[in-house]
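Treat the numbers as computed from the prediction; the structure is a model and nothing was measured.
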Number of protein chains: 2
Amino acid sequence: MLVPVVELQRERHRGRGLRADAERNRERLVKAAQSVFAEGGLNVALDEVATRAGVGIATLYRRFPTREELVAAAFEAKLTDYAVAAEEALTRRDPWDSFVELVERICAMQADDRGFTDLITMSLPPAKHSAELRDRGRRAAMKVIGRAQEAGALREDLVLEDLALLLMANAGVVRATRDVAPHAWRRWLAFMLDGLRVAPRGAFRPGPMPAPPTPAQMARILNGNVLTQGGAGPVHE
Amino acid sequence: MLVPVVELQRERHRGRGLRADAERNRERLVKAAQSVFAEGGLNVALDEVATRAGVGIATLYRRFPTREELVAAAFEAKLTDYAVAAEEALTRRDPWDSFVELVERICAMQADDRGFTDLITMSLPPAKHSAELRDRGRRAAMKVIGRAQEAGALREDLVLEDLALLLMANAGVVRATRDVAPHAWRRWLAFMLDGLRVAPRGAFRPGPMPAPPTPAQMARILNGNVLTQGGAGPVHE
DNA sequence: GGGAATACGGAGGCCGTTCTCCACTTTTAC
DNA sequence: GTAAAAGTGGAGAACGGCCTCCGTATTCCC
């Protein structure tokens, strides 16, 4: 039985089965996308990405049929950084400092990457590594939170979803202030962290503490904020 | 000397010099814009506004040559609400409650009006009333802050610009969560307020307190975030 | 080197939005 | 009632971004 050439050519380069020139172009596209998204957010015209990569627009679409796939590829590296940041934070001695470092590093990542800022409120198509990376980051973040709470430094009622809320808030600050006052978010975050630190307070606030979104709600939030005009947007539909 | 008819017709209705039908259409447009912006944010297609007002698109452009002018007209009422909210907050007995009420009311306004959420990070063309209204709100808000600080309830280092930062943060939370968890912002705000309340803290935070944006910076921030894609856009740049 | 498979790029169609032009209608003042 | 002024709406031009088609070029394997 005749084996088609296509079979023989499988798994050629990097296990992706791409021709050498195709693989080269793919890498260029990802690099271009990283810088373009960082500068202009997730809703930039894809033309720009192709141009900066030095390839035709068709090549971009051939390799990444949807914007989501390109975004996913472009941010795989950042996603790793995220997981690493969470794990590194864990190595700090002081549990509260550990928490602060985690939060500050992610916020800083938002501050110098418009695309990453946008990404915070969106979910990506489940790529091979990305789900695993997210989980790594999630697990480490939960450990950081738990440790800070056990040490009596972080308020007991804080849950992982609150971290997402915090990042959405930071996204709002960063989006508005980045160009003019690129460190404004640090001040805001300082206030915020003071609110998360344990201390004799809370008795002062009237009314009961509102509940955090459930994990299911969070999932729907993320899925609902799909890539469009941005939304930002002010990403809007 | 012949006096042109146009002279005689000046100051006809409401001091705007519009023909009766034109004035009627103007009002319809403003009403339509209010609801359309509230539902879809500041970047909706203007077609939709004209359609909902029951007028042609040309009429919209004739009356409001730029999107900004329409936005300004549509939000004059909300701007009043804002000033009133600040003044009403002042009537509370407890200075801290007064501050909390102010902040919560503005955040709530953001939460149920996408357009208002977008507006927070933008400046409007200086319309007749709006500058005056903004000032009214500003003055009242400063009084609320000052009173709460004198009472020893609000942290001394908080300035008016921090309130803007807070609203930008809330915009971020609200934009992401509105559809799915419309009260998530309240939880976030509770944390935030705990950070603004005076208590034995701050000593715990490493490093100096970052400075707030200067008023001049704030002005540039607002002017820089012009109406575009969003803004969304996630509206951007 | 040669043929098959794979990849390339840009021209061009599509679509939604912005904004203008102009022939027609309504209002106004007298 | 009438003429001038003011206002109207919708067709369509212009624009920008999205995405595909297809003739040409490159790579791969033998």
Enquirer: Are A/E23 and A/R19 within salt-bridge range, i.e. N to O under 4.0 Å?
Expert: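 Salt bridge: no.
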
Enquirer: Could you work out, with side-chain hydrogen bond (donor to acceptor under 3.5 Å, both in side chains) as the rule, every residue matching B/T51, not counting sequence neighbours?
Expert: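 Per chain and number, B/T51 pairs via side-chain hydrogen bond (donor to acceptor under 3.5 Å, both in side chains) with no residue.
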
Enquirer: Do A/R175 and A/T117 pair up side chain to side chain, a donor and an acceptor below 3.5 Å, judged on atom types alone?
Expert: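 There is no such pair (donor and acceptor under 3.5 Å, judged by atom type) between the side chains of A/R175 and A/T117.
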
Enquirer: What integer distance in Å separates B/R26:CZ from C/dT27:C1'?
Expert: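 After rounding, the gap between these two atoms is 19 Å.
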
Enquirer: Rounding to an integer number of Å, can you tell me how far B/R19 CZ sits from D/dA4 P?
Expert: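 Atom-to-atom, B/R19 to D/dA4, this comes out as 15 Å.
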
Enquirer: Report, one pair per line, the protein and nucleotides 17-21 of chain D atoms (nitrogen or oxygen only) whose separation is under 3.5 Å.
Expert:
residue: D/dC18; atom: OP1; partner: A/R67; partner atom: NH2; Å: 2.4
residue: D/dC18; atom: OP2; partner: A/L46; partner atom: N; Å: 3.2
residue: D/dC19; atom: OP2; partner: A/Y61; partner atom: OH; Å: 3.3

Enquirer: Round to the nearest Å and state the distance from B/L60 atom CG to C/dT18 atom P.
Expert: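 Between P of C/dT18 and CG of B/L60: 10 Å.
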
Enquirer: Below 4.0 angstrom from OP1 or OP2 of D/dG7, is there any side-chain N or O of B/N25?
Expert: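 No, no such contact exists.
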
Enquirer: In whole angstroms, how far is the C1' atom of C/dT18 from the CG atom of B/L70?
Expert: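 Roughly 14 Å, once rounded to whole Å.
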
Enquirer: Could you give the CD-to-P distance, from B/E48 to C/dT17, as a whole number of Å?
Expert: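 About 10 Å, once rounded to whole Å.
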
Enquirer: Heavy atoms, side chains only, cut-off 4.5 Å: are B/M192 and A/W188 in contact?
Expert: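 Answer yes - side chains close enough.
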
Enquirer: Determine the minimum heavy-atom distance between A/L60 and A/A50, stating which atoms define it.
Expert: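 Closest approach of A/L60 to A/A50, heavy atoms only: CD1-N, 3.9 Å.
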
Enquirer: To the nearest Å, how far apart are B/R28 CZ and D/dG7 C1'?
Expert: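 Interatomic distance, CZ of B/R28 to C1' of D/dG7: 14 Å.
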
Enquirer: So, is B/T59 near the phosphate of D/dG9, with a side-chain N or O under 4.0 Å from OP1 or OP2?
Expert: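 Answer is yes, contact under 4.0 Å.
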
Enquirer: Side chains of A/F37 and A/F116, heavy atoms from C-beta outward: is any pair under 4.5 Å?
Expert: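 No, side chains not in contact.
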
Enquirer: Which one, C/dA7, C/dG9, D/dA5, comes nearest to the side chain of A/V55?
Expert: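 Output: C/dG9.
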
Enquirer: State whether the side chain of B/R67 and the backbone N or O of B/L42 hold a donor-acceptor pair below 3.5 Å, judged by distance alone.
Expert: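 Side chain of B/R67 to backbone of B/L42: a pair is present.
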
Enquirer: Kindly say if A/R24 contacts the phosphate of D/dT27, meaning a side-chain N or O under 4.0 Å from OP1 or OP2.
Expert: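 Checking A/R24 against D/dT27: at least one side-chain N or O falls below 4.0 Å of OP1 or OP2.
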
Enquirer: Separation of B/D21 atom CG from C/dT28 atom P, in whole Å?
Expert: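 After rounding, the gap between these two atoms is 7 Å.
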
Enquirer: Separation of A/R63 atom CZ from C/dG9 atom C1', in whole Å?
Expert: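 Roughly 13 Å, once rounded to whole Å.
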
